[in-house]
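Each chain gets a letter, A, B and so on, in the order the sequences are listed, and its residues count up from 1.
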Amino acid sequence: MGPVTAGLLQLLALIGALALVHIPLGTYMARVYSSKRHLRVEKWIYEGIGADPDTGMRWPAYLRGVLAFSLAGVLFLYALQRLQGVLPGSLGFASIDPDQAFNTAVSFVTNTNWQSYYGEQAMGHVVQTAGLAVQNFVSAAVGMAVAVALVRGFARSRTGELGNFWADLVRGVVRVLVPLAAVGAVVLVACGVIQNFSGIHEVGQFTGGTQEWNGGAVASQEAIKELGTNGGGYFNANSAHPFENPTPFSNLFEIFLILLIPFSVTRTFGLMVGSVKQGYAILATMATIWLGFVALMMWTEFSHHGPAYELANGAMEGKEVRFGIGGSSIFAVSTTLTSTGAVDSFHSSFTGLGGGITMLGMMLGEIAPGGVGSGLYGMLIMAVIAVFVAGLMVGRTPEYLGKKIGTREIKLAALYILVTPALVLVFTAVAMALPTPANSMTNSGAHGFSEVLYAYASASNNNGSAFAGLNADTQWFNTTLGIVMLLGRFVPMAFVLALAGSLAEQRPVPVTAGTLRTEKPLFTGLLVGAILIITGLTYFPALALGPLAEGLAA
Amino acid sequence: MNNSVTNTARLLGAGLRALLVLTLVTGVVHPLIVTGIAQGLFSGKANGSEITSEGRVAGSTLIGQSYNLPLKEGEETPAADLKWFQGRPQNGLGTNSVNTQYEIILSGATNRSGDNGELIQWMKDARSAVVEDNSTADHKVKPGDVPADAVTSSGSGLDPDISPAYAEIQVHRVAEKNGLPVTEVRKLVDAHTEGRTLGFIGEPRVNVLELNIALKELAAKN
């Protein structure tokens, strides 16, 4: 069997596993977010918070909860890193500098997990386990909460209430993420991922001499890193590191974890709005784009154009033997089309077009299937836009899931999709125009430009992967990328919640012969087209200067 | 005004308390339980899959090593010890930080693009070295036979594996240096070639450390 066939079979196995699991998990999550009962441990947590989980919140209150919780997260994580030098269990690592601590704190709270530090040389047990890994759980739960609030906006009528933020947050953590992550972590340990609290110690080597190792609670962080579409590696090499991703099976399993919740939540959505078919239409849209990108990526990486790869007879630079080109391609697409940003191979050394595909994946807004929660709400915003475009074509007031898309709704949706492109393009232009930021580039020419464009695309879409040739540990990049991550996470969330509030107040419009059937394949086609055209038009000039120029020159 | 300040403070307090409680759940209880299960059920793996050779720890089966001669005076990097099978080039370690030669397991890739002049030069150098090192009196390696993994750096810089093709290229050299028959060494490589998991997951690979440990045992017997 050739590597291409093996790659395609891995893809099929992955699709089969997701198809099997998304039904029970999607149904379970719908029950979690609709249930009236509280578990005992949840009651303790609500008591600790001092919040009543049964109070309905209107959208401003819900948003205030999101912001207060996230601000607390940034402050706590910043303080933890700044104090690392005096905390026990820090392996002797010093405190992190202010600009890097700010960047890292924001990065993990916004579910981005951009990393300008070397994990194994900077972060001790306490910061990794009680700081960074905690945000892997809670930032994912915040994303899911906001998505569920938007779904309730569609599902409810004549009320402004979107649910209770604290209840949604806690349930996401306690009932969904922790159980799945615990099972995932044990599977990973069985593959060879390490899980210990040993300090830095010497281990003998074959030809004599020793190697210095640091231990860590890697498996428990690795599982939620993928499951919560976070992506921040325990080690610098992220999921390429054998202690994070030791075998071909663990590689496929990690891709499965990345895609698990983003795809399953479409069923949760369908059940909550009362039509599983609507969920399938969204799922089909996500799957079409994801599959198309994987196919393109496999094609360009296996055909390996580019001077270096033609010389080497294969695009293996930055890739591990055990994963090969197939496994690395599936991982790269899955991590950039969700908001994960974990890498099992280094995107900067992909072929020119392969690097462009990872970048375009993020630029689509990470909606196919997207981050945990953020993928669903991003996709629903695109659905609103698509419905609006269709409405313009036939001259009818657009409606989606029985709700009218009026002036206010379309304004909010349009503002949502303008935020990230504005951040990416403005900050890339400024960084390229200023004299110093360009010094951070490893490669020159088109690829050097791609490194900077990739960094801002990754930060504003809360992805976190990098064309890691860029030396991002400078005051300029630490600070501006931090600001971009914050704006790219919370400004769109505010528009989503405002939209949810306005939808929830409406009374439903009855379905008539003139209603656009959004559960049919025709709508899926329209939606895929709208996504590709909007992103394409926004980013084409920038992509032409970077990866396209490199790919066409090869 | 006063009222809104109080409200903001109350809200922030709730946010902070929520964070602390959830830190306890996800940052203390969860990792401790997972560690308990991991150490109980898979303690070898949870502690780094260490492997022994001649009664002492020789590293981890998961982490690549260098198989070099001791550093001679005037050399910047030690020469490869051609008695042993060699792993992939690991340029990422040298360029990403101060660490070289696996003294600590700092991981990283070169991040060079496919049109990067330095990367192209590294590959050319690596390929001529592979051809030269592995050609013996009665076996000449052709440049076209050198597989991609022999001239490229991995993503982690710690790749423990090489492709079966790269192992095969090294068989004649290793046999000669150890005074072993070629067929014996090839048999050893075949025994240490792991196919795709379940026949389709990943790529076939040879673990260099395990192979070298077995080689050492074989050489000692003869």
- Decide yes or no on side-chain contact (heavy atoms from CB on, under 4.5 Å) for B/H30 and A/F137, but give the supporting numbers first. CA-CA 11 Å; B/H30 172 256; A/F137 281 97; 3.6 Å; yes
- To the nearest 0.5 Å, atom CG of B/D159 lies from atom NE2 of A/H241 at 11.5 Å
- A/Y46, part contacting chain B, at a heavy-atom distance under 4.5 Å: neither
- Note on the structure: Turns out that what part of A/E244 lies under 4.5 Å from chain B's heavy atoms comes down to neither
- Item | Proximity breakdown for A/L132 and chain B, heavy-atom pairs closer than 4.5 Å | neither
- Query: Do you know which of A/G314, A/A190, A/S450 has the most heavy-atom pairs under 4.5 Å to chain B?
  - Reply: A/A190
- Message: Is B/P147 close to chain A through its backbone or its side chain, or both, or neither, when contacts mean heavy atoms under 4.5 Å?
- Response: backbone
- Side chain / backbone / both / neither for B/L24 at chain A, heavy atoms under 4.5 Å: neither
- Query: Side chain, backbone, both or neither: which part of A/A182 has a heavy atom under 4.5 Å from chain B?
  - Reply: both
- Item | Part of A/N196 lying under 4.5 Å from any heavy atom of chain B | both
- Item | Contact class of A/T129 relative to chain B, heavy atoms under 4.5 angstrom | both
- Identify which of A/M316, A/R64, A/E451 forms the greatest number of heavy-atom pairs closer than 4.5 Å to chain B. A/M316
- Message: Quick check on the interface: out of A/F467, A/F206, A/F346, who has the most heavy-atom pairs with chain B under 4.5 Å?
- Response: A/F206
- B/T8, part contacting chain A, at a heavy-atom distance under 4.5 Å: neither
- Message: Walk me through whether B/N116 and A/H447 qualify under side-chain contact (heavy atoms from CB on, under 4.5 Å).
- Response: CA-CA 9 Å; B/N116 183 291; A/H447 199 84; over 6 Å; no
- Query: If you round to the nearest 0.5 Å, how far is CG of A/N313 from CG of B/D149?
  - Reply: 11.0 Å
- Which portion of A/V193 sits near chain B, non-hydrogen atoms under 4.5 angstrom: backbone
- Between atom CG of B/L22 and atom CG of A/L169, what is the distance when rounded to the nearest 0.5 Å? 5.5 Å
- Task: Pick whichever of A/A240, A/A72, A/G318, A/A6 has the most heavy-atom pairs under 4.5 Å with chain B.
- Result: A/G318
- Message: What part of B/V28 gets within 4.5 angstrom of chain A, counting heavy atoms only: side chain, backbone, both, or neither?
- Response: neither
- Message: So, taking the atom named CZ in A/F243 and the one named CG in B/L158, what distance separates them when rounded to the nearest 0.5 Å?
- Response: 8.5 Å
- Task: Examine whether an atom of B/P143 lies under 4.5 Å from a heavy atom of chain A, and if so say whether it belongs to the side chain, the backbone or both; otherwise answer neither.
- Result: neither
- Query: What pair of heavy atoms forms the shortest contact from B/R56 to A/Q205, and how long is it?
  - Reply: NH2-O, 3.2 Å
- Pick from A/N443, A/V189, A/L8, A/I224: which one has the most heavy-atom pairs with chain B under 4.5 Å? A/N443
- Message: Less than 4.5 Å to any heavy atom of chain A: does that hold for the side chain of B/I37, its backbone, both, or neither?
- Response: side chain
- Item | Segment of A/W166 engaging chain B (4.5 angstrom heavy-atom cut-off) | side chain
- Message: Does any backbone or side-chain atom of A/A315 lie under 4.5 Å from a heavy atom of chain B? Answer side chain, backbone, both or neither.
- Response: neither
- Item | Engaged part of B/L119 at the chain A interface, taking heavy atoms whose separation is under 4.5 Å | side chain
- Query: What distance separates A/Q121 CD from B/S107 OG, expressed to the nearest 0.5 Å?
  - Reply: 9.0 Å
- Task: Kindly determine whether A/T207 and B/N68 satisfy side-chain contact (heavy atoms from CB on, under 4.5 Å), including the steps that lead there.
- Result: CA-CA 7 Å; A/T207 52; B/N68 290 335; over 6 Å; no
- With side-chain contact (heavy atoms from CB on, under 4.5 Å) as the test, would you mind laying out the steps for B/T152 and A/Y309 before giving the verdict? CA-CA 9 Å; B/T152 52; A/Y309 311 126; 5.8 Å; no
- Item | Largest heavy-atom contact set with chain B, pairs under 4.5 Å, which of A/H347, A/M1, A/E317, A/Q135 | A/E317
- Task: Would you mind checking which part of A/F323 comes under 4.5 Å of any heavy atom in chain B, side chain (CB onward), backbone (N, CA, C, O), both or neither?
- Result: backbone
- Between CG of B/L16 and CD1 of A/I49, what distance do you get to the nearest 0.5 Å? 11.5 Å
- Could you tell me which portion of B/K216 (side chain, backbone, both or neither) has an atom closer than 4.5 angstrom to a non-hydrogen atom of chain A? side chain
- Item | Backbone N/O of A/K319 and side chain of B/S154: donor-acceptor pair under 3.5 Å | no
- Which bit of A/L311 is near chain B, if near means a heavy-atom gap under 4.5 Å: side chain, backbone, both or neither? both
- Structural part of B/T197 lying under 4.5 Å from a heavy atom of chain A: side chain
- Look at the side chain of A/S348 and the backbone N and O of B/N111, then say whether any donor-acceptor pair between them is shorter than 3.5 Å. yes
- Query: So what's closer than 4.5 Å to chain A heavy atoms on B/I213: side chain, backbone, both or neither?
  - Reply: both
- Task: Output yes when a side-chain donor or acceptor of B/E203 lies under 3.5 Å from a complementary backbone atom of A/I325, and no otherwise.
- Result: no
- Query: Looking only at heavy atoms, which two atoms of B/V151 and A/A312 are closest? And how far apart?
  - Reply: CG2-CB, 3.6 Å
- Task: Could you tell me which portion of A/A133 (side chain, backbone, both or neither) has an atom closer than 4.5 angstrom to a non-hydrogen atom of chain B?
- Result: neither
- Backbone of B/S156 reached by a side-chain donor or acceptor of A/E320 within 3.5 Å: yes
